[in-house]
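Just below is one structure, and these are the notes that go with it.
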Amino acid sequence: MRKTLHIYNTLSKKVEDFKAHDDPIVRMYTCGPTVYHYAHIGNLRSYIMEDVLEKALNYDDYKVKRVMNITDVGHLTSDADEGEDKMVKGAEREHKTVMEIAKFYENAFFDDCRKLNIKKPETVVPATSMVDEFIRVIGVLIDKGYAYKAGGNIYFDTAKLDNYYVLSNQKEKELLEGVRDDVEVDSNKKNKTDFVLWFTKSKFENQQLKWDSPWGTGYPGWHIECSCISMKNLGEYLDIHCGGVDNIFPHHTNEIAQSEAYLGHKWCNYWFHVQHLNDQTGKMSKSKGDFLTVSVLEEKGYNPLCYRLFCLQSHYRKPLLFTFDALDNVKNQYSKLLSRVASLNKAQGGIDHDQFNVYKSRFLDALMNDLNTSDALTVLYDVLKSPLNDATKYALVEDFDKVLSLSLTAEDTRAHSPAAEKQADDDLKTFVEEKLKERTDARKARDFAKADAIRDELAAHGVTIKDTREGTTWTLQ
RNA sequence: GGCGCAGUAGCCAAGUGGUAAGGCAAUGGUCUGCAACACCAGUAUGCGCCAGUUCAAAUCUGGCCUGCGCCUCCA
């Protein structure tokens, strides 16, 4: 049952009806991570919402082809006094070679994704693997008159375009140059929005990764990789390009400029941007030093999927404020949700297909309404509260989880972090089992003072107990 | 200075002109010795502010206020 996706398009600043260029195939490109450090949970908010978008489209019977780049070269940094390539900086910090560090953090990134149930795009391309293609495309741009050489570097001439600002609505005369004091003004540029396609004159002396090119030994500018990787793998017509809002200008604006200059026609129809995760001081940022990673959440005892639920409860176009109080709320919510699903007897009754489709349709409506994940979760709660039999409820939960990806029906999921759960050694196990037996006897004898004393004693060993209908259980925290 | 996103209960949040969904927390209750779990109940005369349009506005229009982001590192 195909429904129309209503999706906000940064290009038009409006919610539009989505139409794939080559229905039912959807070609989707995502700006991937710069692999010089761990991703923080704010970065991951974008990837979670892009994951939901991909899965929602597949749920709506599209076939999504998705490509992501890995930026392992060329991004300059400004969080040091005198810039260095980010990769070089990371390598120095970790005493490793640039390529080792890139691989290390790429693996770390996909590890985080796996913990958050973010599906890895089928095509992932490191920028360093496609430098030949960057050089070829830059050559074409020069031949077509869109690029010029100055001061040893190749620049894109933004004045050659009629509508450079389509995406951002900026006006050239209003743009401030060097708004941030750490940015140097480049006197080689003809226009202040021109950007470098190929560097041979690096202001960074210890640039380690270099390639030969017709314009001299150097390295690519930081916009060209996304255009080339996308066009090479997804062709001349892109349906959806994703990224965080901070990429709109200049990165995505420049991608449009160079791609359409190269192709000679419109390139991408829909631009999907995810708002930032903020903390009390504003946007979460690696430059600020301390930042929250998935590992930190795990160490603090949260299952990473609590964070995924936290994001799904909000809307991708709304700024979201992160606090541990808020995450604690969601941890409770997630825990309750899991136990409600776990209590379902999936063998009870047959699946009521009519009702299944009614709820499925409501769930899809929520997603198709500009990815209203918060409303989609409400449909999930409505299912759990409904008078449907357990078999039907379970089937619906399983179905919804194709998009939500909260591991709702996985047997071993817990709201607290499995990584934070300590393993009890055999001695402690024996000790606890003995004490519990003693306590059970005391309770039978209605000697509650003794029973409570034993509970306190176990608590002192970090053991928490729970009396359930099936007997007493315990966990070590 | 310009451009963009947002502002609904303690927190997250739905709502797209017809009289405020849902979740978490807190509160009261039921249940088992007590905890915990589970379940039940009620919880915004109000939707940043001020005008306007309308029989009717959180929803439309105008103005303003506040927060966040971008303007060559960033998701």
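In what follows, chains are A, B, ... by sequence order, proteins preceding strands, each numbered from 1.
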Distance check, [atom1] atoms only: [N] and [M], in whole angstrom units.
N	M	atom1	result
A14(B)	C71(B)	P	28 Å
C47(B)	G15(B)	C1'	10 Å
C24(B)	U19(B)	C1'	27 Å
U43(B)	A9(B)	C1'	9 Å
G67(B)	A57(B)	P	30 Å
A21(B)	U16(B)	P	13 Å
C70(B)	A58(B)	C1'	29 Å
G62(B)	A75(B)	C1'	36 Å

Checking all strands, does [X] fall into the base, sugar-phosphate, or nothing category for heavy-atom contacts under 4.0 angstrom?
X	value
Y8(A)	sugar-phosphate
D452(A)	base
K336(A)	sugar-phosphate
D447(A)	nothing
R317(A)	sugar-phosphate
K385(A)	sugar-phosphate
F249(A)	sugar-phosphate
F310(A)	nothing
G243(A)	sugar-phosphate
Q313(A)	base

Looking at the rings of [X] and [Y], which for Trp means the six-membered one, are their centres under 6.0 Å apart?
X	Y	answer
Y359(A)	F400(A)	no
F310(A)	F322(A)	yes
F18(A)	Y270(A)	yes

Expressed as a whole number of angstroms, how long is the span from [X]:[atom1] to [N]:[atom2]?
X	N	atom1	atom2	result
R362(A)	G15(B)	CZ	P	12 Å
Y316(A)	G4(B)	OH	C1'	14 Å
Q333(A)	G23(B)	CD	P	9 Å
H251(A)	G69(B)	NE2	C1'	18 Å
L321(A)	A6(B)	CG	C1'	13 Å
Y381(A)	A13(B)	OH	P	15 Å
R443(A)	A35(B)	CZ	C1'	10 Å
L309(A)	C12(B)	CG	C1'	10 Å

Base-pairing assignment for [N] (Watson-Crick or G-U wobble, both under 3.5 Å):
N	value
G46(B)	none
C55(B)	G18(B)
G1(B)	C71(B)
C24(B)	G10(B)
C31(B)	none

Selection from [options] that lies nearest to any side-chain heavy atom of [X]:
X	options	result
L277(A)	A75(B), C5(B), G33(B)	A75(B)
N43(A)	A38(B), G15(B), A75(B)	A75(B)
F448(A)	G15(B), A25(B), G33(B)	G33(B)
N329(A)	C5(B), A14(B), A25(B)	A25(B)
D375(A)	A21(B), G33(B), G67(B)	A21(B)
Q275(A)	A25(B), C5(B), C12(B)	C5(B)
R455(A)	A35(B), A14(B), G22(B)	A35(B)
N247(A)	A6(B), G33(B), A75(B)	A75(B)
N332(A)	A75(B), U16(B), A25(B)	A25(B)

Would you call the rings of Y38(A) and Y105(A) parallel, tilted or perpendicular, taking 30° and 60° as the class edges?
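Perpendicular: the ring planes of Y38(A) and Y105(A) meet at over 60°.
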Does NZ or CZ of K190(A) lie under 6.0 Å from the centre of the six-membered ring of Y148(A), at an angle within 45° of the ring axis?
yes
side-chain N/O [X] vs [N] OP1/OP2, d < 4.0 Å:
X	N	result
T34(A)	A75(B)	yes
S314(A)	C12(B)	no
N369(A)	G15(B)	yes

Could you check whether D51(A) pairs with R308(A) (Lys NZ or Arg NE/NH1/NH2 to Asp/Glu carboxylate O, under 4.0 Å)?
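A salt bridge is present here (some side-chain N lies under 4.0 Å from a carboxylate O).
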In terms of side-chain geometry, is the basic nitrogen of R439(A) or D452(A) positioned less than 4.0 Å from the acidic oxygen of its partner?
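Judged by the 4.0 Å cut-off on N to carboxylate O distance, R439(A) and D452(A) do not form a salt bridge.
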Going by side chain to side chain contact (heavy atoms under 4.5 Å, CB included), I41(A) matches just one of L292(A), L327(A), V296(A). Which one?
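It is L292(A); the other options fail the test.
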Among H241(A), R66(A), E54(A), which residue meets the side-chain hydrogen bond (donor to acceptor under 3.5 Å, both in side chains) test with T30(A)?
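Of the listed residues H241(A), R66(A), E54(A), the side-chain hydrogen bond (donor to acceptor under 3.5 Å, both in side chains) partner of T30(A) is R66(A).
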Earlier contact from the 5' end, RNA chain B, for L377(A) and S374(A)
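With S374(A) and L377(A) compared, the 5'-side residue is S374(A).
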Reading RNA chain B from 5' onward, which residue's closest nucleotide shows up sooner: T323(A) or H315(A)?
T323(A)
For the side chain of T378(A) and the base of A21(B), is some donor closer than 3.5 Å to an acceptor across the two?
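For T378(A), whose side chain was compared with the base of A21(B), there is a donor-acceptor pair (under 3.5 Å).
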